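Provided herewith is a single structure, encoded as structure tokens, for subsequent inquiry.
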Amino acid sequence: AFGIHSENYAIKLGINPAELIPRNIVNFRRQLRNIGGMFDWRHELSTTDPAYYKWTQWLFLQLLKAGKAYKKAAAVNWCPKDQTVLANEQVIDGRCERCGTTVEQRTLEQWFFRITEYADRLLANLDDKSKMDWSESTTLAQRNWLGRSEGAEIVFGGEVVGAHRGAPSADIRVFTTRPDTVFGATFMVLAPEHPLVDAFTTLDRKGDVDAYRRSVASKDLVSRKVGEREKTGVFTGGHALNPASGKPVPVWIADYVLMEYGTGAIMAVPGHDERDFDFARKFGLSVAQVVCHPERSEGAEAPLEAAYVDNHQGVLVNSGQFDGLTVPDAKRAITTWLAERGAGKAVVTYRLHDWCISRQRYWGPPIPIIYCGEHGAVPVPEKDLPVILPLIDDFKPDDTGVSPLARHESWYHVPCPVCGKQGRRETDVSDTFLDSAWYYLRYPSTEFDDRPFDAERTKKWLPVATYIGGNEHAVLHLLYSRFISMVLHDLGLIHFDEPFKRFRAHGHIVKDGAKMSKSRGNVVVPDEFISRWGADTFRIYLMFLGPFQEGGDFRDEGVSGPRRFLDKVWNLVGDTIRDDKGGHSRTPDSRLPTPDSGSPTPDSRLPTPNPRLPTPDSRLVEMKRHQTVRKVTEGLEELRYNTSIAALMEFVNTIRAENAATSDVVEDLIVMLAPFAPHFAEENWERLGHDGSIFDSPWPTWDERLTVEDTVEIAVQVSGKTRSRVTVARDADQGVVVEAAQRDAAVRRFTEGKEVRKVVYVPNRLLNLVVG
RNA sequence: GCCCGGGUGGCGGAAUCGGUAGACGCUAGAGACUUAAAAUCUCUUGGGAGUAAUCCCGUGCGGGUUCGAGUCCCGCCCCGGGCACCA
């Protein structure tokens with residue numbers, strides 16, 4: 001309920017979100033009830049409720065206390081349309097995840113959470129099956145996002161820097177995943193923002209260097225990151241010493257090196273990196289080959305036409321004592337060698353950045369900080385929480401880079417909690433993903449107002465057994481929630497460090513050839529469907545559309561199938577009731593014993609059906625029943641709703657075809673239908689004479705032996721082509737089947753006059769006669 | 001560029017420890033019922049040939065392994081998604 005999504009909608013309608021959101025909640029709640037979602041409404045919560053965000057603010061304070069929250073001025077993603085900063089996770093291809101506007105770079109004072117400290121753990125737990133059973137696509141997205149790289153940090157000494165402004169010697173540390181190529185590092189490149197740029201810049205190069213840095217600073221993040229890849233850069237005039245070759249190499253600056261990754265500096269190996277090769281070619285820098293194709297290791301003298309990037313089988317050349325080693329061996333050997341000489345060490349780098357949680361917006365929980373001229377950023381004492389978000393009229397954001405709350409002096413002028421002198425509240429609010437990063441902890445404990453989550457409740461209910469959501473949250477909500485869990489676990493506040501044991505990503509519904517979404521305007525409003533077809537028809541249709549993880553194609557006509565199915569079931573129940581009225585000794589309030597407990601067969605208790613119709617094949621129906629129970633039971637567990645419903649439809653078709661609507665069969669059917677069509681099932685449960693809720697009745701069980709037939713149809717192939725089918729007793733011997741097959745005319749036609757060279761027999765499935 | 005997921009009838013989709021491809025549903029066609037329509041019921045519905053029994057072809061494309069491939073292997077194409085001047 002908090003956040004940009006809601007706030008933008010409110011701005012569009014010109015209504016204060018504080019008024020609009022509660023109205024929408026009423027509507028959502030109604031729709032969720034209508035569709036038969038079974039929730040314990042006593043545990044409903046709203047992130048916009050002070051009783052909730054009090055604890056969101058408390059959470060911020062806990063992270064601050066633990067040193068996991070800090071403030072810094074940083075270049076951040078600024079969305080000029082939404083007029084707020086965005087987390088890296090909210091920027092897709094250089095555009096705002098919400099509105100699609102190209103994101104700009106701004107330098108602002110922001111609050112960050114140290115999620116990077118947890119990078120290795122966030123990665124390692126993904127492989128821990130005892131903690132996490134997640135959709136593969138989701139863990140993969142997280143892996144990519146965390147972006148672990150193994151490599152080495154190598155120190156290039158600055159002793160030999162040329163005549164510049166008398167700067168002291170300065171070492172340049174670089175990160176590389178290819179320490180094996182260090183002998184081929186013929187120049188270095190620093191990010192333009194790198195703090196050592198000035199140290200290496202000679203007087204005669206200063207003008208060019210400064211001009212280049214200014215031009216880069218004015219570029220926005222997008223054109224720098226996803227714009228054209230034409231290399232630009234300037235020479236600083238300085239040199240550093242390659243610790244492997246001992247040779248001095250020129251130091252350049254270029255914007256293809258990013259300050260925020262690795263050390264903000266690289267050793268450039270043009271012979272074995274495409275970007276470095278492009279750069280060297282453009283600026284006429286020397287290219288050295290130090291890795292060679294394993295089969296052509298003697299022919300390395302010709303100049304390289306392109307970077308040779310083979311990372312696996314390549315063999316080292318021109319690398320002193322390391323010549324002849326393969327790339328993987330050389331990585332280890334050279335890293336060790338450099339480490340011994342104090343010029344490097346093995347390191348692991350992550351792509352993940354710290355989580356920026358400041359938002360210059362109105363609709364969120366105020367960050368509980370008071371700035372004091374003397375004491376700096378002072379946390380609001382916990383006893384003073386919540387810091388209430390005031391109701392204001394001018395809640396629209398602007399381009400000033402500060403929140404609308406900064407226009408309200410009466411709100412932000414407060415005394416410093418330490419000295420009592422006038423202070424100023426933090427006017428930014430926190431990212432809405434912080435609200436959702438801990439709500440699973442609040443649900444079981446909604447009625448406690450003196451603690452965010454009750455220890456006993458948490459112990460009983462959490463971590464979450466199964467969590468279902470969209471994959472669009474793979475690197476947002478799901479990553480943040482995991483981080484918050486780890487922090488709270490390490491603070492000793494909860495007993496687990498992974499919040500969601502099992503996660504399954506649902507698919508997306510496609511309508512008119514596009515993913516159903518509000519922005520595309522192809523959304524189906526459930527209300528209309530529910531009033532026309534009924535909630536249960538709608539539920540079954542949605543579940544029947546396609547595999548849960550893949551979504552499906554929503555077509556209005558398709559809904560008639562599930563509706564017809566429910567109508568048929570309704571009539572089956574009607575048949576059962578009518579049959580009972582025909583003088584049968586069924587006790588309406590107790591469930592009939594299941595067949596495996598030795599009860600009489602259904603047929604003996606029911607009237608002979610209409611003589612026009614075939615006699616019910618009770619064995620067939622029994623078999624189908626056991627098969628269906630198995631299929632639906634297993635299908636529910638695996639979220640295979642579409643095939644579970646198909647199995648129920650088949651069961652109904654069998655019951656109808658066999659005219660076998662006996663009460664025990666129909667009752668099993670209704671019970672199995674209950675999770676899919678709860679209202680319908682309850683109603684029919686009552687029609688069948690029961691008082692209580694169907695959800696209090698036991699789930700049917702199946703007997704594996706009764707799911708199979710006594711006779712089986714075996715496909716008969718001749719040389720791999722199916723030519724006929726024979727019906728034999730279950731588990732028949734090969735000889736029996738071969739004999740039956742050889743009597744078959746169609747088989748004969750293909751085996752006549754030919755020698756059967758080989759016989760392949762798969763019991764109960766197939767016989768293959770291979771003729772020569 | 002790298003890494004995942006997926007390409008099956010007119011449509012949504014079944015079937016993956018290699019073993020009868022197309023379950024279930026939709027659409028369409030024919031018939032029954034009806035004064036008529038709707039609803040319901042019955043039958044047909046991958047393509048081709050044949051009166052028929054039956055045969056040939058068929059799971060994105062090209063090869064391969066196998067008695068047998070939608071399923072496994074190699075090489076491509078297309079669609080969806082993740083990452084991306086990340087060193």
Side-chain angles (χ1 to χ4, degrees), chain A residues 92-93 135-149 151 174-178 181 189 191 224-231 254-258 260-269 272-276 278-279 309 349-352 471-472 474-475 505 507-508 510 515 540-541 544-547 549-562 564-565 567-568 571 640 642-653 656 713-725 745-746 749 757-771:
Chain A
I92 314 291
D93 288 336
S135 291
E136 191 57 34
S137 56
T138 312
T139 54
L140 198 78
Q142 291 211 347
R143 271 195 191 92
N144 285 341
W145 188 258
L146 294 166
R148 181 190 154 95
S149 284
V174 301
F175 172 72
T176 179
T177 56
R178 295 294 305 273
T181 62
V189 185
R224 176 160 172 191
K225 283 191 170 176
V226 301
E228 20 67 55
R229 302 278 156 107
E230 181 66 30
K231 295 285 181 291
D255 70 354
Y256 80 94
V257 175
L258 307 171
E260 67 265 26
Y261 184 75
T263 61
I266 61 160
M267 63 175 205
V269 184
H272 306 286
D273 181 280
E274 282 168 16
R275 297 152 301 183
D276 297 344
D278 290 348
F279 195 81
V309 293
T349 297
Y350 290 89
R351 211 191 132 277
L352 181 73
N471 228 1
E472 65 271 23
V475 295
H508 289 283
V510 168
K515 191 168 106 178
I540 289 184
Y541 178 54
F544 188 59
L545 268 184
Q549 288 90 332
E550 289 166 39
D553 194 16
F554 194 102
R555 286 160 68 241
D556 291 1
E557 316 90 81
V559 78
S560 60
R564 278 201 275 260
F565 165 64
D567 286 343
K568 287 174 189 172
N571 289 334
R640 287 199 303 261
N642 56 334
T643 51
S644 296
I645 290 165
L648 288 168
M649 286 174 169
E650 283 187 61
F651 188 32
V652 165
N653 291 346
R656 281 159 52 88
E713 195 185 52
I714 299 212
V716 181
Q717 298 183 335
V718 179
S719 295
K721 293 208 173 209
T722 305
R723 296 301 179 184
S724 186
R725 295 166 177 88
R749 199 172 332 137
R757 280 196 292 121
K758 187 175 173 186
V759 177
V760 180
Y761 178 54
V762 183
N764 302 322
R765 304 216 78 147
L766 158 148
L767 177 77
N768 189 4
L769 303 171
V770 184
V771 296

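Owing to the predicted nature of the structure, the values given are computational and were not obtained by experimental measurement. Convention: sequence-line order gives letters A, B, ...; per-chain numbering from 1. No hydrogens, no waters, no symmetry mates; every other heavy atom, side chains included, goes into these values.
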Output side-chain donor-acceptor pairs under 3.5 Å for residues 760-767 of chain A, partner residues at least two apart or in another chain, one line each.
{"from": "Tyr761(A)", "atom 1": "OH", "to": "Ala732(A)", "atom 2": "O", "distance (Å)": "2.8"}
{"from": "Asn764(A)", "atom 1": "OD1", "to": "Asp731(A)", "atom 2": "N", "distance (Å)": "2.8"}
{"from": "Asn764(A)", "atom 1": "ND2", "to": "Asp731(A)", "atom 2": "OD1", "distance (Å)": "2.8"}

- Message: Once salt bridge (Lys or Arg N to Asp or Glu O under 4.0 Å) is applied, do any residues pair with Arg723(A), and if so which ones, sequence neighbours excluded?
- Response: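 Per chain and number, Arg723(A) pairs via salt bridge (Lys or Arg N to Asp or Glu O under 4.0 Å) with no residue.
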
- Item | Asn768(A), nearest nucleotide to its side chain (from C55(B), G68(B), A21(B)) | G68(B)

- Message: How would you summarise protein contacts on nucleotides 41-46 of chain B per nucleotide, using B for base, S for sugar-phosphate only and - for none, with heavy-atom distances below 4.0 Å?
- Response: S-----

What protein N or O atoms touch nucleotides 10-14 of chain B N or O atoms at under 3.5 angstrom, if any, and at what distances?
{"from": "G12(B)", "atom 1": "O2'", "to": "Leu545(A)", "atom 2": "O", "distance (Å)": "2.6"}
{"from": "A14(B)", "atom 1": "OP1", "to": "Asn642(A)", "atom 2": "ND2", "distance (Å)": "3.0"}

- Could you list the residues that satisfy salt bridge (Lys or Arg N to Asp or Glu O under 4.0 Å) with Glu650(A), not counting sequence neighbours? Lys624(A)

- Query: Contact class for Arg640(A) vs. all strands (heavy atom < 4.0 Å): base, sugar-phosphate, or nothing?
  - Reply: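 Answer is nothing: Arg640(A) stays at 4.0 Å or more from every strand.
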
- Sort by first number and list every stem of RNA chain B: at least 3 consecutive Watson-Crick or G-U wobble pairs, both distances under 3.5 Å. B:1-7 with B:77-83, B:10-12 with B:24-26, B:28-32 with B:40-44, B:46-49 with B:54-57, B:60-64 with B:72-76

- Message: Applying ring-ring contact (aromatic ring centres under 6.0 Å, His included), can you list everything that pairs with Tyr541(A), at least two apart in sequence or on another chain?
- Response: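 Only Phe554(A) meet the ring-ring contact (aromatic ring centres under 6.0 Å, His included) criterion with Tyr541(A).
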
- Message: Between U45(B) and G31(B), how far apart are the two C1' atoms, rounded to whole Å?
- Response: 15 Å

- Message: Please give me every residue in residues 757-766 of chain A whose heavy atoms get under 4.0 Å of an atom in RNA chain B, ordered by residue number.
- Response: Lys758(A), Val760(A), Val762(A), Arg765(A), Leu766(A)

- Note on the structure: Which of A21(B), G82(B), A23(B) is nearest the side chain of Asn144(A)? It is G82(B)

- Quick one: side-chain hydrogen bond (donor to acceptor under 3.5 Å, both in side chains) partners of Arg148(A), sequence neighbours excluded? Glu150(A), Tyr350(A)

- Message: At 4.0 Å (heavy atoms only), tell me whether Gln717(A) reaches a base, stays on the sugar-phosphate, or touches nothing.
- Response: base

- Message: Say we look at C24(B) and U16(B): how far apart would their P atoms be, to the nearest angstrom?
- Response: 16 Å

- Query: Side chain of Thr176(A): nearest nucleotide among C56(B), C26(B), A87(B)?
  - Reply: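 Given the options C56(B), C26(B), A87(B), the side chain of Thr176(A) is closest to A87(B).
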
- Query: Who pairs with Thr177(A) by side-chain hydrogen bond (donor to acceptor under 3.5 Å, both in side chains), at least two apart in sequence or on another chain?
  - Reply: none

- Query: For Tyr261(A), what residues pass the ring-ring contact (aromatic ring centres under 6.0 Å, His included) criterion, not counting sequence neighbours?
  - Reply: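 So Tyr261(A) forms no ring-ring contact (aromatic ring centres under 6.0 Å, His included) with any residue.
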
- Message: Between G22(B) and G70(B), how many Å separate the two C1' atoms, rounded to a whole number?
- Response: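 Taking atom C1' in both G22(B) and G70(B), they lie 11 Å apart.
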
- Task: Could you measure between the two P atoms, the one in G29(B) and the one in A37(B), and give it in whole Å?
- Result: 14 Å

- Task: When you get a sec, tell me which of C85(B), C3(B), U20(B) is the closest nucleotide to the side chain of Leu258(A)?
- Result: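 Of all the options, the side chain of Leu258(A) is nearest to C85(B).
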
- Please determine, for the side chain of Thr177(A), which listed nucleotide (C67(B), A87(B), C24(B)) has the closest atom? A87(B)

- Message: My understanding is that only residues two or more places apart in sequence, or in another chain, count here; which of them pass side-chain hydrogen bond (donor to acceptor under 3.5 Å, both in side chains) with Asn653(A)?
- Response: none

- Task: Report which part of the nucleic acid Asp276(A) touches: base, sugar-phosphate, or nothing (heavy-atom distance under 4.0 Å, all strands).
- Result: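 Counting heavy atoms under 4.0 Å across all strands, no contact is made by Asp276(A).
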
- Message: I want to verify a distance call: between C85(B), G82(B), A87(B), whose nearest atom is closest to the Ala141(A) side chain?
- Response: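 Nearest listed nucleotide: G82(B).
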
- Task: For the side chain of Met649(A), starting at C-beta, report the closest nucleotide among C24(B), A21(B), U27(B).
- Result: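 Of C24(B), A21(B), U27(B), C24(B) is nearest to the side chain of Met649(A).
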
- Message: Checking one value: the base orientation of G64(B), syn if chi is within 90 degrees of 0, otherwise anti.
- Response: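 Base orientation: anti.
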
- Query: Just checking Ser560(A): base, sugar-phosphate only, or nothing, at a heavy-atom cut-off of under 4.0 Å?
  - Reply: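 Since only primed, P, OP1 and OP2 atoms lie under 4.0 Å of Ser560(A), the category is sugar-phosphate.
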
